[in-house]
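Reviewing the structure listed below.
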Amino acid sequence: MSVRAGGWALQLIIFRYSIRFEDVTSEKTKIKFLTDGLLLREMLIDPLLKRYSVVMVDEAHERSISSDILLSLLKKVLRARPDLRVVVSSATLDAEKFLDFFAPDEGGTLTKKEEYGTIVSIEGRTHPVDIFYTSSPTNNYIEKAVDTAMSIHTNEADGDILLFVTGREEIDDTIDMIADHIADLPPGSKTLQPLPLYAGLPIDQQMYVFQQAGENVRKLIVATNIAEASVTIDGIIYVIDTGYVKLRAYDPAVGIERLNVVPISKASATQRAGRAGRTRPGKCYRLYTEGAFEALEPATFPEIQRSNLAPVVLQLMNLGIQNLIRFDYLSNPPSALIIRALDLLFSLGAVDVHGRLTKPLGIRMAELPLEPMLARTLLNAPSFGCFSEMLSISAMMTLQGTAFVTHDGNQKLLEKARRRFAVKEGDHITLYNVYQAFTNPAVGKQSSQWCRENSLNYKALLKAVSVRKQLRNYLDRMGIQEDALASSDVTKVGGIDMAERVQRCLTTGFFAQAARMKSDGSFVTIGGETVLWAHPSSIFFHRKADWVIYHEIQETKGKVYIRDLTTVEMDWLTEYAPEYYKVKQK
DNA sequence: CCAGTTTTA
């Protein structure tokens, strides 16, 4: 780990880190690097953070939910612990906003800014980057990006290019177009090697971007926002910034998440440009006008104002925050988001009529590192005799659709592999079959070779194995163990086969996300107000179904897709969620 | 009916 800190004698200090599955800290640790999410978890056990004298929150300008919440809680902690030092690092554009946020409440002894905080500006370590704008707006930024890349390649000195686009589809299109252009290059000219980079790309395929290009080869990395802050690549001299990003927006009125392509913020544009100046002076080509840049928002719209807040609300309540509307947020989330979250938590039994966390259910749900609906399902599993199965399914759900991958871009092979594991009940049990086969010493042997043969993502499945272990540990500590009914073969137990027990159990957590397939293959929700489509990765993209519950809903390009579906019977909905469906029918 | 921005516990 390389850390530079002015002239301090830091080499004496022992650095250690802690992430979800890796804690290498000890009593000797002086400085600990950890994620904001983990620190929030630590606050459950140590609310005043007594183990720390200084807390530094990095990249606060990104305005992620967990860093926003962390800042709010740190402000609270400071009232009880004036000795604590809080350092917030952020793009200079909004430093003032953060300082204002930490202003003590009325009646305190510290009233002047300089008494409670200071803004310190630190010169960057990067080289200068020349910024170029277009003289007029572009209507097709992908075409423009391809032209710009080709022109850099033919006219500019050596150095790799980083191009920002919004998603996988644009990455694929761009790379195809570049490939066409390369074919037109005069013989003997330098090669341009386009490389994709996005989070959903399997790790081994991501690694190519870090490899040094061969002689006479210039890398062109076509990336999503992952290359803006999460991943840093050396040797980038040229950045092409299309000026757009894909952002989540949650609509509390219908409970649907949307993925919208929106203009980036000034902070993002600055960050992207900075990626060109890490090794030597670089150039950044913004595919928009200077006027358009000036009109950009200073910082990204806070995530807390555009997300499903059920998980956050549950966690805050578990930290003892009673009034979620009045909580001291850095930016207040719309109250509709909070109400929607409380509604859901109430229907799941995590919150009572007084708006308080229930014991033990609500507390247990908050402690599990799963979204509320899945947490509730897993906690119900022992009573359905499918504890072991739901542990595996829950772990597989955290992979968010990355279990299957194409190895040579061969989609047909992937679909064939999927069919090998598919069952008529739907996607959850299909994923369960994948997990079972992967961990079976006689079948998958947890081997990468077997995964390649079955279009499966080896690293992702290994992650599922460790998530499952972690979940089991959590449940062990709650005193919830393997159910008496458990048996991993799909035989009749208690008159109901394993698949049906899983289906019923899923209904107890996902009853609020039910839909029915119509004859044309589309789905309608209970009220019939929204038309939904099975996501192409679902086995119901082709097959017929009647009632289903779904794990996720998301609108993309004007169409609402549901992911991870399992068939249920209509009667189960009213059987397991009578209150919910009574209210809805009015 | 044809497809997931990014994180995290």
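A, B, ... follow the sequence lines: proteins, then strands. Residue 1 opens every chain. We use all heavy atoms of the structure for the numbers below, so side chains are in, but hydrogens, waters and symmetry mates are not.
Contact annotation: A:Thr224 side-chain N/O to B:dT6 OP1/OP2 distance is under 4.0 Å. In terms of phosphate contacts, A:Thr402 brings no side-chain nitrogen or oxygen within less than 4.0 Å of OP1 or OP2 of B:dG4. At B:dT7, none of the side-chain N or O atoms of A:Thr35 fall inside 4.0 Å of OP1 or OP2 (strictly under the cut-off). Put simply, A:Ser230 has a side-chain N or O that comes within less than 4.0 Å of OP1 or OP2 on B:dT7.
The CD1-C1' distance, from A:Ile65 to B:dT6, rounds to 12 Å in whole Å. The separation between A:Ile171 atom CD1 and B:dA3 atom P is 15 Å, rounded to whole Å. Summarising the geometry, the separation between CD on A:Glu59 and P on B:dT7 is reported as 12 Å, rounded to the nearest angstrom. The distance between atom CZ of A:Phe540 and atom C1' of B:dA3, rounded to the nearest whole Å, is 18 Å. Taking atom CE on A:Met365 and atom C1' on B:dA9, their separation rounds to 15 Å, with Å as the unit. One atom, CZ of A:Arg41, and another, P of B:dA9, lie 9 Å apart when rounded to the nearest Å. The CG atom of A:Asp68 sits 13 Å away from the C1' atom of B:dT7 (whole-angstrom rounding). In this structure, CD of A:Glu303 is placed 7 Å from C1' of B:dT7, rounded to the nearest angstrom.
For A:Lys557, the listed nucleotide lying nearest its side chain is B:dA3; candidates were B:dC2, B:dA3, B:dT5. The side chain of A:Ile226 sits closest to B:dT6 out of B:dT6, B:dA9, B:dA3. Closest contact between the side chain of A:Gln400 and the listed nucleotides B:dT7, B:dA3, B:dT5 involves B:dT7. Between B:dG4, B:dA3, B:dT6, one nucleotide has an atom nearer to the side chain of A:Ser537 than all others, and that is B:dA3. Across B:dC2, B:dA9, B:dA3, the shortest atom-to-atom separation from the side chain of A:Tyr474 is found for B:dA9. Across B:dA9, B:dA3, B:dG4, the shortest atom-to-atom separation from the side chain of A:Leu38 is found for B:dA9. Residue A:Arg248 places its side chain closer to B:dT5 than to any other of B:dT7, B:dA3, B:dT5.
Between A:Ala534 and A:Glu555, the residue anchored closer to the 5' end of DNA chain B is A:Ala534, taking for each the nucleotide with the nearest heavy atom.
Nucleic acid contact class of A:Leu370 (heavy atoms, under 4.0 Å, all strands): base. Counting non-hydrogen atoms under 4.0 angstrom, A:Thr166 reaches the backbone sugars and phosphates but no base. No contact: A:Glu62 has no heavy atom under 4.0 Å from any strand. Across all strands shown, A:Gly167 has heavy atoms under 4.0 Å from sugar-phosphate atoms exclusively, and none from any base.
Side-chain N/O atoms of A:Glu42 and base N/O atoms of B:dA9 include no donor-acceptor pair closer than 3.5 Å.
In this structure, A:Tyr435 contributes its side chain and A:Thr430 its backbone to no donor-acceptor pair below 3.5 Å.
The aromatic rings of A:Tyr141 and A:Tyr244 sit parallel, their planes meeting at an angle under 30°, below the 60° perpendicular limit.
With sequence neighbours excluded, no residue forms a side chain to side chain donor-acceptor pair (under 3.5 Å) with A:Thr398. Partners of A:Phe510 by ring-ring contact (aromatic ring centres under 6.0 Å, His included), not counting sequence neighbours, listed by chain and number: A:His551.
For the pair A:Leu162/A:Ile240, no side-chain contact is recorded, criterion being any heavy-atom separation below 4.5 Å from C-beta on.
Side-chain atoms of A:Asp58 and A:Ser89 include a donor-acceptor pair closer than 3.5 Å.
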